[in-house]
Amino acid sequence: MNKRNLNAVHDKDLNQLLKNLGLMEKMNEGKLKCKFTGTPIDFENLYSIFPESGDIKVVCDSPEAIKLFTDYVNEHKL
């Protein structure tokens with residue numbers, strides 16, 4: 001069985017994390033988009049945040065995006 005680390009953020013710390021990553025303003029302006037579907041991200045549909053090539057990407061909670069994200073993580077061994 002392969003083991004992987006999972007980093008998690010409690011809901012109460014999410015605002016600060018988004019601010020620290022420079023994503024809060026984009027989210028508030030509707031400019032933060034899901035990497036896989038292009039859906040605008042807000043607090044209700046945010047599924048995941050991950051690094052990619054020195055940038056921060058986000059994933060919405062649609063079944064399509066979650067499937068694509070899971071495939072991406074497995075393919076890139078994140």
Side-chain angles (χ1 to χ4, degrees):
M1 173 188 259
N2 293 336
K3 291 185 179 186
R4 294 187 184 174
N5 289 330
L6 173 66
N7 295 317
V9 176
H10 192 279
D11 286 348
K12 69 179 182 141
D13 299 321
L14 184 57
N15 280 345
Q16 191 59 50
L17 175 65
L18 292 170
K19 286 177 188 174
N20 292 348
L21 294 173
L23 300 177
M24 182 64 85
E25 189 172 326
K26 284 183 179 180
M27 182 187 293
N28 290 337
E29 294 172 353
K31 296 179 180 176
L32 189 61
K33 309 281 185 181
C34 175
K35 172 182 172 55
F36 301 104
T37 65
T39 302
I41 298 291
D42 58 32
F43 286 107
E44 298 300 316
N45 71 351
L46 177 61
Y47 179 76
S48 186
I49 302 170
F50 68 99
E52 179 186 63
S53 302
D55 200 10
I56 303 295
K57 302 296 183 182
V58 293
V59 182
C60 72
D61 64 356
S62 75
E64 175 188 5
I66 293 169
K67 169 74 169 101
L68 291 169
F69 175 60
T70 302
D71 292 345
Y72 180 90
V73 166
N74 289 331
E75 180 180 321
H76 292 86
K77 301 189 185 341
L78 298 178

With Thr37 via side chain to side chain donor-acceptor pair (under 3.5 Å) - residues at least two apart: Thr39
Heavy-atom side-chain contact between Leu14 and Leu46 under 4.5 Å: yes
Pairs involving residues 41-51, ordered by first then second residue, that meet side-chain hydrogen bond (donor to acceptor under 3.5 Å, both in side chains) (sequence neighbours left out): none
Partner set under salt bridge (Lys or Arg N to Asp or Glu O under 4.0 Å) for Asp55, not counting sequence neighbours: Lys57
Salt bridge (charged side-chain N to carboxylate O under 4.0 Å, His left out) contacts touching residues 27-40 (sequence neighbours left out): Glu29-Lys31, Lys35-Glu52
Heavy-atom side-chain contact between Ile49 and Leu18 under 4.5 Å: yes
From CE (Met24) to CG (Leu32), nearest 0.5 Å: 10.5 Å
Cluster link Ile41 to Val9, ILVMFWY, side chain under 4.5 Å: yes
Residue pairs fulfilling ring pair (Phe, Tyr, Trp, His ring centres under 6.0 Å) with at least one residue in residues 16-44, sequence neighbours excluded: Phe36-Tyr72
For Asn20, side chain to side chain donor-acceptor pair (under 3.5 Å) partners two or more places apart: Gln16
Residue pairs passing the salt bridge (charged side-chain N to carboxylate O under 4.0 Å, His left out) test where at least one lies in residues 59-68, sequence neighbours excluded: Lys67-Asp71
Set of ring-ring contact (aromatic ring centres under 6.0 Å, His included) partners for His10, sequence neighbours left out: none
Heavy-atom pair of closest approach, residues Ala65 and Cys34: CB-SG, 3.8 Å
Transitive ILVMFWY side-chain link Leu68 to Ile66, under 4.5 Å: yes
